[in-house]
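A quick write-up on the structure given underneath.
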Amino acid sequence: MKLHPNLTPSNQHYQTVTAYDENSVEINGIRFTHSLVVLPKIAPVTWSIANFANLTPEHFAQIEANKPDVVIFGTGQRQRFIHPQLIAKLAEKRIGVECMSNQAACRTYNILMAEDRNVALALLFEDVA
């Protein structure tokens, strides 16, 4: 699906999802095919996870360091839920986590980012081997 950003003076420098499909995401027109973390005011960062089953609390510690109010976790092509132990540190800091498919996560992130919310988008693209 191709998305077109609403470039207003308040969000023209934000990291916006401009397109996505089952295997990739575009942030401000740059295509990514690996797992990554996106925040509105910080360039996308590689997220070193290649498989949902291998998620650890340390993966979420990388996100916690940026102190978002909420994390939109794209769990791949389908929605999956993570064990609460994996995000316990986030919960302790009152950082919410919502799990959804990557495509739903991209749409939700853009809406929250446009509302000037302190949101993080964490997308999991699993290695298929």
Legend entry - Heavy-atom side-chain contact between Ile82 and Phe52 under 4.5 Å: yes
Inset, instruction - Without swapping roles, check the side chain of Asn51 against the backbone of Ala53 for a donor-acceptor pair under 3.5 Å. - result: yes
Inset, instruction - Measure across Ile72 and Val119 and return the closest heavy-atom pair with its distance rounded to 0.1 Å. - result: CG1-CG2, 3.7 Å
Legend entry - Short side-chain to backbone donor-acceptor contact, Ser35 and Phe125, under 3.5 Å: yes
Inset, instruction - Please report the C-alpha distance between Thr33 and Asn23 in whole Å, then the side-chain angles of each, then the deciding distance to 0.1 Å, and finally whether the side chain to side chain contact (heavy atoms under 4.5 Å, CB included) criterion is met. - result: CA-CA 6 Å; Thr33 59; Asn23 302 309; 5.9 Å; no
Inset, instruction - Might you point out which heavy atoms bring Val70 and Glu98 nearest each other, and give the distance in Å? - result: CG2-CG, 4.5 Å
Inset, instruction - Identify which one of Leu121, Thr46, Ile63, Leu123 satisfies the side-chain contact (heavy atoms from CB on, under 4.5 Å) criterion when paired with Val37. - result: Ile63
Inset, instruction - Please list, chain by chain and in numerical order, all residues satisfying side chain to side chain donor-acceptor pair (under 3.5 Å) with Glu58, sequence neighbours excluded. - result: Thr56
Inset, instruction - Decide whether Ile42 and Ile95 are clustered together by the hydrophobic rule: side chain heavy atoms of Ile, Leu, Val, Met, Phe, Trp, Tyr closer than 4.5 Å, transitively. - result: yes
Inset, instruction - Go through the side-chain N and O atoms of Tyr14 and Asp116 and say whether any donor and acceptor fall under 3.5 Å apart. - result: yes
Legend entry - Asn102 (side chain) donor-acceptor with Glu22 (main chain) under 3.5 angstrom: no
Inset, instruction - Any chance you could lay out the side chain to side chain contact (heavy atoms under 4.5 Å, CB included) test for Met100 and Thr108, step after step, and finish with the verdict? - result: CA-CA 9 Å; Met100 54 193 75; Thr108 303; 3.4 Å; yes
Legend entry - Heavy-atom neighbours of Gln85 CD exceed 12 at 6.0 Å: no
Inset, instruction - Specify whether Phe60 and Phe73 have parallel, tilted or perpendicular ring planes, treating 30° as the upper limit for parallel and 60° as the lower limit for perpendicular. - result: perpendicular
Inset, instruction - Please report the C-alpha distance between Val17 and Val38 in whole Å, then the side-chain angles of each, then the deciding distance to 0.1 Å, and finally whether the side chain to side chain contact (heavy atoms under 4.5 Å, CB included) criterion is met. - result: CA-CA 9 Å; Val17 176; Val38 183; 5.9 Å; no
Inset, instruction - Would you list the pairs meeting salt bridge (charged side-chain N to carboxylate O under 4.0 Å, His left out) in which at least one residue belongs to residues 69-88, sequence neighbours left out? - result: Arg80-Glu126
Inset, instruction - Decide whether Ile87 and Leu39 are clustered together by the hydrophobic rule: side chain heavy atoms of Ile, Leu, Val, Met, Phe, Trp, Tyr closer than 4.5 Å, transitively. - result: yes
Inset, instruction - Would you check if the side chain of Gln79 reaches a backbone N or O of Cys99 as a donor-acceptor pair within less than 3.5 Å? - result: yes
Inset, instruction - Can you see which heavy atom on His59 is nearest to which on Ile49, and at what distance? - result: CE1-CD1, 3.5 Å
Legend entry - Trp47 and Phe32: CA distance, side-chain angles, deciding distance, ring pair (Phe, Tyr, Trp, His ring centres under 6.0 Å) verdict: CA-CA 11 Å; Trp47 198 29; Phe32 297 89; over 10 Å; no
Inset, instruction - Indicate the atoms forming the closest heavy-atom contact of Gly74 with Ala105, along with that distance. - result: CA-CB, 3.7 Å
Legend entry - Leu112 reachable from Tyr20 in the ILVMFWY side-chain graph, under 4.5 Å edges: yes
Inset, instruction - Taking all non-hydrogen atoms of both residues into account, name the closest pair between Ala122 and Val71 and its distance. - result: CB-CG1, 4.3 Å
Inset, instruction - For residues Gln15 and Pro44, determine if any side-chain heavy atom of one lies less than 4.5 Å from a side-chain heavy atom of the other. - result: yes
Inset, instruction - Any chance you could lay out the side chain to side chain contact (heavy atoms under 4.5 Å, CB included) test for Ile27 and Tyr109, step after step, and finish with the verdict? - result: CA-CA 11 Å; Ile27 307 297; Tyr109 166 81; 5.8 Å; no
